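As the structure is a computational prediction, the values presented were derived from the model and not from experiment.
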Amino acid sequence: VEQHGVNIHPHLSTVTYLTDCGAPTLVLECRNCRKAGDISSIYGPIQRGMLSSPRVGKHIVFDGQLLHGTVPRPGERGERVTFLVN
């Protein structure tokens, strides 16, 4: 894969929250680029997304090609603990 400069993404990504605290997960309706270094496809307006706040036992599933991450909250107390499967 690296020899050919191609990004491989999981079919699905999951997040299971093990705590009620910490940063939420942000999933954007924007697909990551398939070719390494070709970031032109991720620029521009993003029309939709999903913000998921931590809650013990909560489980989310989404397209593994979508850009996702956490959104820090200044002053947030406690440690965010999740179980991720891609």
Side-chain angles (χ1 to χ4, degrees):
V1 174
E2 291 177 3
Q3 282 180 299
H4 301 286
V6 177
N7 288 328
I8 300 294
H9 303 91
H11 181 65
L12 297 173
S13 290
T14 70
V15 177
T16 303
Y17 297 95
L18 303 177
T19 58
D20 287 323
C21 55
T25 302
L26 176 64
V27 181
L28 300 174
E29 191 176 77
C30 179
R31 294 188 185 284
N32 198 354
C33 49
R34 289 187 186 259
K35 287 195 159 199
D38 179 20
I39 59 174
S40 61
S41 64
I42 63 173
Y43 283 103
I46 297 171
Q47 301 300 319
R48 293 190 299 189
M50 175 190 77
L51 189 65
S52 175
S53 296
R55 189 176 74 238
V56 171
K58 184 179 186 179
H59 180 75
I60 62 172
V61 180
F62 52 91
D63 183 329
Q65 292 184 28
L66 297 178
L67 295 177
H68 58 281
T70 60
V71 181
R73 290 184 175 169
E76 180 78 30
R77 294 186 182 268
E79 184 176 10
R80 175 188 175 179
V81 179
T82 57
F83 179 70
L84 310 173
V85 176
N86 292 316

Can you pull the salt bridge (charged side-chain N to carboxylate O under 4.0 Å, His left out) pairs that have at least one residue in residues 77-86, sequence neighbours excluded?
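Non-adjacent pairs meeting salt bridge (charged side-chain N to carboxylate O under 4.0 Å, His left out): zero.
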Residue pairs involving residues 8-19 (criterion salt bridge (charged side-chain N to carboxylate O under 4.0 Å, His left out); sequence neighbours excluded)
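Counting only pairs at least two positions apart or across chains, no salt bridge (charged side-chain N to carboxylate O under 4.0 Å, His left out) contact touches residues 8-19.
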Take L66 and L28, measure what side-chain contact (heavy atoms from CB on, under 4.5 Å) needs, and give me the verdict at the end.
CA-CA 6 Å; L66 297 178; L28 300 174; over 6 Å; no
Give the cluster check for V15 versus L18: same hydrophobic cluster or not, with ILVMFWY residues linked at side-chain heavy-atom distances below 4.5 Å.
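Not linked; separate clusters.
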So do the side chains of [X] and [Y] get within less than 4.5 Å of each other, counting heavy atoms only?
X   : Y   : answer
L84 : T14 : no
N86 : S13 : yes
Y17 : V81 : no

Tabulate below the donor-acceptor pairs under 3.5 Å that side-chain atoms of residues 55-64 make, not counting sequence neighbours, or state none.
| from | atom 1 | to | atom 2 | distance (Å) |
| --- | --- | --- | --- | --- |
| K58 | NZ | S52 | OG | 3.1 |
| K58 | NZ | S53 | O | 3.1 |
| H59 | ND1 | T16 | OG1 | 2.6 |
| D63 | OD1 | R31 | NH1 | 3.4 |
| D63 | OD1 | Q65 | N | 2.8 |
| D63 | OD2 | R31 | NH1 | 2.5 |
| D63 | OD2 | R31 | NH2 | 3.1 |

For residues P54 and G22, report the shortest heavy-atom separation together with the two atoms involved.
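So the minimum-distance heavy-atom pair works out to CG-O, 3.6 Å.
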